[in-house]
Amino acid sequence: MPENKRTASGALGGIVGLVGLSAVAGLLVTAAVTPAIAVSGAAASSAITIFDNMPSYLQPDELMQPTTLMAGDQVLAKFYDQNRSPVTFDQVNPVMYDAILSSEDPRYYQHGGVDLIGTTRALLSNASGGETQGGSSISQQYVKNVLVQRCERDARAIPAVEATDSTPAVEAKSRDEVLQACALEAIQSDGAAGYQRKLQEMRYAVQLEKEYTKDQILLGYLNIANFGGTTYGIDAAARYYFNTPAANLTVGQSAILAGMVQNPNRFRIDLPTGSISDGETAYNKAPDGSIDDVDQGTIQALYTLRDNGEITQDQLVAAADGYSETKGRQLYVLSRMEADGKITHEQYVSFAIEPITPAITPTTQGCAASAAPYFCQYVVSTILNSPAFGEGTDDRVNALRQDGLTIQTTLDWNVQNAAQETMSENAPTNLDPARYDNLKFGATAVSLEAKTGRLLALAQNTKFTQDPTLADSDPSYSSIVFAGDSDNGGSIGFSAGSTFKLFTLIDWLEKGHSLNETLNGRLQPVPNMKNSCQGPWVNTTKYTINNFNESRGYVGTPMMFTRDSLNTGYLAMAAELDLCDIANVVKKMGVKTGDGKEILMANANEVIGSDNISPIAMAGAFSTVANGGTRCPAKVIDKVTAADGSERPIPDQQCETALTPEIAATAAYALQGVMQGGGTGSQANPGDGTPVLGKTGTHEAHETWMIESSTNVTTAVWVGNWDGGTVSLFQKFANGLQLSDMRYRLARDVQRAADDVYGGDRFPDPASNLLRTQQRDLPNVVGQSIDSATSTLQNAGFRVTVGDPIDSELGGDRVAAQNPGGGSAPAGSQITLSPGNGKGGTVPDVVGRSINAAQNDLKNAGFTNFSIGDCKKSDKAPDGGQVTASNPAGGTAANKDTPVVLNVSAKDCP
């Protein structure tokens with residue numbers, strides 16, 4: 001390997017050569033540990049000066065520990081660079097202390113930080129040209145581990161830098177490569193740099209023992225030491241390898257773990273083929289039970305016991321069956337424990353022949369192992385983007401993987417489990433591309449607590465992975481949190497469709513307009529719209545925006561437009577407003593595009609939801625209405641506790657007033673109509689007695705939404721093409737549901753679960769001034785054609801229905817009557833038009849006419865079915881008789897086939 005930079009090579013090189021240095025180092029140690037021993041000589045004096053000038057104080061850092069995400073009293077996920085569970089001195093079985101001291105530092109409680117005998121032996125070996133060796137005391141090993149951990153904590157990936165005239169090239173290194181370099185620097189420096197490192201270790205160790213007790217240092221070492229892979233500290237090792245706490249370790253287990261620290265990744269016992277030995281097991285058992293090709297040196301102690309008759313060949317084979325190198329290390333530790341009197345010879349033999357039997361108990365980490373992986377990933381994104389966890393990305397990564405935080409999240413398992421259950425039952429993870437036009441099918445459901453913004457649940461149809469290859473090859477896997485945005489979750493959101501009409505509704509009410517005002521919501525070219533910020537939007541091509549199901553629209557009120565989600569009605573509302581003001585409503589309700597841009601409302605399409613927005617953001621907007629106008633940004637963290645038990649700040653997300661209570665209550669009143677019979681969202685109503693408001697949304701048939709809310713919890717569901725595709729969801733089915741209708745089932749089930757836990761109150765009454773109706777002049781359209789009359793009344797702000805034809809002389813689809821008649825009527829009220837059938841007429845008034853004249857009058861008026869009724873004989877009657885009454889009476893409208901009976905007086909009654 002390349003020679004390491006040697007910061008003190010000049011000074012050390014001036015001393016009397018390497019052999020001399022070894023001797024001087026021994027004298028230095030003697031002087032440091034046993035000052036009473038005299039040291040003389042120029043070389044020793046110079047070395048002592050160097051030693052004294054080295055930094056002496058090393059403050060051990062906080063141990064790297066896993067950060068744990070909690071949901072209630074359940075672990076949601078763990079994250080770590082080093083899996084560690086620090087323990088106190090009394091939480092370790094004393095036999096573990098015996099094992100580590102006997103094998104690593106038997107004179108630990110006698111020396112002052114440096115074992116002179118062991119160190120001198122190592123220095124002499126190094127000076128003779130051999131590789132730099134150990135001989136380190138527990139205190140020195142603790143120092144080394146502290147320095148390695150400090151290096152690892154600060155490890156960052158190194159980007160490549162091209163060489164320039166003034167700087168050399170820098171080779172790119174991953175973080176793993178940098179971590180490896182930390183370890184190598186600590187244990188493999190050679191030459192003068194190796195001596196310098198060793199001397200610095202000694203210096204720190206001597207001072208360390210002045211600052212801490214022996215027990216504190218010993219415990220610190222066992223808590224910091226690596227035991228293979230990402231397993232650090234004696235308790236995590238005990239739990240991982242043997243599924244037991246450190247307090248319950250046996251002698252045999254303690255000897256295995258003590259033997260590991262010399263080379264943790266060589267002697268680890270979590271590999272199926274045994275410990276690492278050139279990638280293979282170190283032995284092979286022959287069919288006859290003998291052992292072939294064994295590196296007998298590793299388990300020579302077993303052969304000795306067999307040869308002495310203390311164990312049998314079968315016991316030897318059983319003991320060596322697996323992990324032979326680790327077994328050799330265990331035997332060494334056991335022999336040292338016996339030599340130190342920590343165990344008897346009988347104990348030594350019993351544990352020597354005991355096979356190594358690990359009970360590997362992995363500790364999973366990361367969101368993929370979580371029961372709520374997409375919620376977990378949203379929390380992780382929040383941590384990595386929040387200044388509450390550090391100034392920059394590196395600090396936040398450390399907070400997540402090294403700081404040992406306990407992060408209490410907002411997840412409610414009652415709602416989350418219901419959300420994931422209905423998602424699993426109804427929304428497939430993927431659809432057959434051949435049958436579904438390569439539709440990349442996605443679905444997500446989120447629930448927010450309206451009064452706090454706490455994210456209670458987040459479910460998704462896909463399977464979570466952070467393997468990009470898997471995600472690219474199989475659409476049923478994804479790391480993207482569909483409910484989130486580009487910062488938190490990696491999504492850019494989805495076109496909000498008609499759920500976005502909320503903001504036009506709010507602006508309409510804030511401008512003092514009534515829910516019962518009447519507008520022309522019939523299909524027509526999109527009206528021009530004012531935008532005082534971006535400039536007016538003008539429909540230069542006279543294009544139209546259609547309604548759902550090709551509805552032609554109608555003249556109606558915002559209350560009706562909201563219930564029916566009528567595009568043309570909302571475009572008519574927006575035409576009476578300022579798009580800039582609607583954009584300001586969007587902003588104050590905390591909504592941006594999924595990639596973080598302000599929504600400017602620069603064109604009419606945005607009124608009906610063409611912008612991509614995250615489901616969490618839309619849920620937050622509706623929860624503002626449900627919460628009486630107070631907006632509480634979505635939050636996923638309730639509390640953060642540091643490893644020492646102190647409380648740390650959480651991301652700052654304060655609730656604030658966005659709408660007045662009157663506006664919120666009136667908007668809620670309109671949105672409740674969506675969830676009632678006839679409303680577009682009625683299929684999603686839980687029907688559990690909890691009042692709910694809501695809004696549906698569909699964008700170009702390829703994305704659908706359902707958002708609903710009680711006063712306490714808001715649920716938002718999105719179903720559609722997750723990759724931005726335009727494959728229609730209509731007329732395509734899965735699990736018995738049309739894909740376009742799946743939103744109703746999902747939202748209903750999740751909201752019902754939320755209502756079960758959180759309930760909900762009656763929404764406040766709307767503001768009466770925002771429900772007022774207008775009186776408008778009502779034209780009299782009798783005599784006009786039905787089409788002309790309908791247009792006249794609609795343009796005047798009324799709704800029109802056409803009733804059955806009535807008897808009238810008017811025919812040819814002309815209006816014979818209207819109800820109510822001309823005058824005035826509430827704006828938007830319904831006017832019934834009755835066409836004439838052309839068979840009606842008015843009975844002429846024939847009273848006083850002679851009988852013949854009366855009959856002629858009736859004939860002339862079209863009435864041919866007449867007769868004489870009562871006849872009173874009177875000498876005073878005119879010669880031609882006289883009509884005294886008619887039935888029907890004169891002036892009565894009647895069908896011309898109606899019989900008319902004449903009562904007369906005559907001199908002679910016919």
Grab the two heavy atoms, one from [X] and one from [Y], that are nearest each other, plus how far apart they are.
X: Ala734; Y: Met742; value: O-CE, 4.0 Å
X: Val415; Y: Ala754; value: CG2-CA, 4.1 Å
X: Ala670; Y: Leu505; value: CB-CD2, 4.2 Å
X: Ala716; Y: Ile707; value: CB-CG1, 3.9 Å
X: Met589; Y: Ala621; value: CE-O, 3.2 Å
X: Phe798; Y: Pro779; value: CE1-CD, 4.5 Å

Judged by atom type as modelled, is there a donor-acceptor pair below 3.5 Å linking the side chain of [X] to the main-chain atoms of [Y]?
X: Asn712; Y: Tyr758; value: yes
X: Asn539; Y: Asn528; value: no
X: Arg563; Y: Gly673; value: no
X: Ser447; Y: Ala457; value: no
X: Asn721; Y: Lys440; value: no
X: Asn547; Y: Thr568; value: yes
X: Gln818; Y: Val781; value: yes
X: Thr698; Y: Ala701; value: no
X: Asn461; Y: Pro428; value: yes
X: Gln683; Y: Arg748; value: no

query: Can the ring centres of Tyr436 and Phe733 be said to be less than 6.0 Å apart?
result: no
task: Would you please indicate if the ring centroids of Phe464 and Tyr374 are separated by under 6.0 Å?
output: yes
Please tell me if the side chains of [X] and [Y] come closer than 4.5 Å, counting only heavy atoms from C-beta onward.
X: Thr714; Y: Asn627; value: no
X: Pro826; Y: Gln775; value: yes
X: Leu515; Y: Leu509; value: yes
X: Pro835; Y: Pro805; value: yes
X: Thr711; Y: Phe763; value: yes
X: Thr593; Y: Ile492; value: no
X: Gln534; Y: Leu579; value: no
X: Met423; Y: Leu746; value: yes

- prompt: Using the ring of each side chain (for Trp, its six-membered ring), is Phe494 parallel, tilted or perpendicular to Phe482, with breaks at 30° and 60°?
  reply: perpendicular
query: Under a 4.0 Å N-O cut-off, is there an ion pair linking Asp749 with Arg745?
result: no
message: Could you check whether Lys463 pairs with Asp474 (Lys NZ or Arg NE/NH1/NH2 to Asp/Glu carboxylate O, under 4.0 Å)?
response: no
Reported [atom1]-to-[atom2] distance for the pair [X] and [Y], which is rounded to 0.5 angstrom:
X: Arg522; Y: Gln794; atom1: CZ; atom2: CD; value: 4.0 Å
X: Thr557; Y: Leu771; atom1: OG1; atom2: CG; value: 10.5 Å
X: Leu566; Y: Tyr554; atom1: CG; atom2: OH; value: 5.0 Å
X: Leu778; Y: Ser829; atom1: CG; atom2: OG; value: 7.0 Å
X: Arg752; Y: Asp756; atom1: CZ; atom2: CG; value: 9.0 Å
X: Arg799; Y: Met560; atom1: CZ; atom2: CE; value: 4.5 Å

task: Test Thr696 against Arg743 for side-chain contact (heavy atoms from CB on, under 4.5 Å), laying out the working first.
output: CA-CA 9 Å; Thr696 55; Arg743 52 181 165 164; 3.9 Å; yes
message: Just to verify, which of Val727, Thr462, Val719 counts as forming a side-chain contact (heavy atoms from CB on, under 4.5 Å) with Phe441?
response: Val719
- line: Between Ile613 and the options Val586, Ile599, Thr499, Asp485, the side-chain contact (heavy atoms from CB on, under 4.5 Å) test singles out Ile599
Have [X] and [Y] got a donor and an acceptor in their side chains that come within less than 3.5 Å?
X: Thr690; Y: Ser710; result: no
X: Asp755; Y: Gln751; result: yes
X: Tyr477; Y: Thr429; result: no
X: Lys501; Y: Ser565; result: yes
X: Lys695; Y: Ser498; result: no

In this structure, are over 12 heavy atoms from other groups packed under 6.0 Å from [X] atom [atom1]?
X: Lys588; atom1: NZ; answer: yes
X: Asp804; atom1: CG; answer: no
X: Lys511; atom1: NZ; answer: yes
X: Lys530; atom1: NZ; answer: no
X: Arg552; atom1: CZ; answer: no

- request: Given side-chain contact (heavy atoms from CB on, under 4.5 Å), test Glu598 with Lys592 step by step and report yes or no.
  value: CA-CA 5 Å; Glu598 298 288 346; Lys592 296 181 178 180; 3.3 Å; yes
message: side-chain contact (heavy atoms from CB on, under 4.5 Å) for Ile480 and Ser491? Distances and angles first, verdict last.
response: CA-CA 6 Å; Ile480 299 171; Ser491 172; 3.8 Å; yes
- request: Test Trp508 against Glu576 for side-chain contact (heavy atoms from CB on, under 4.5 Å), laying out the working first.
  value: CA-CA 9 Å; Trp508 177 265; Glu576 295 197 17; 4.0 Å; yes
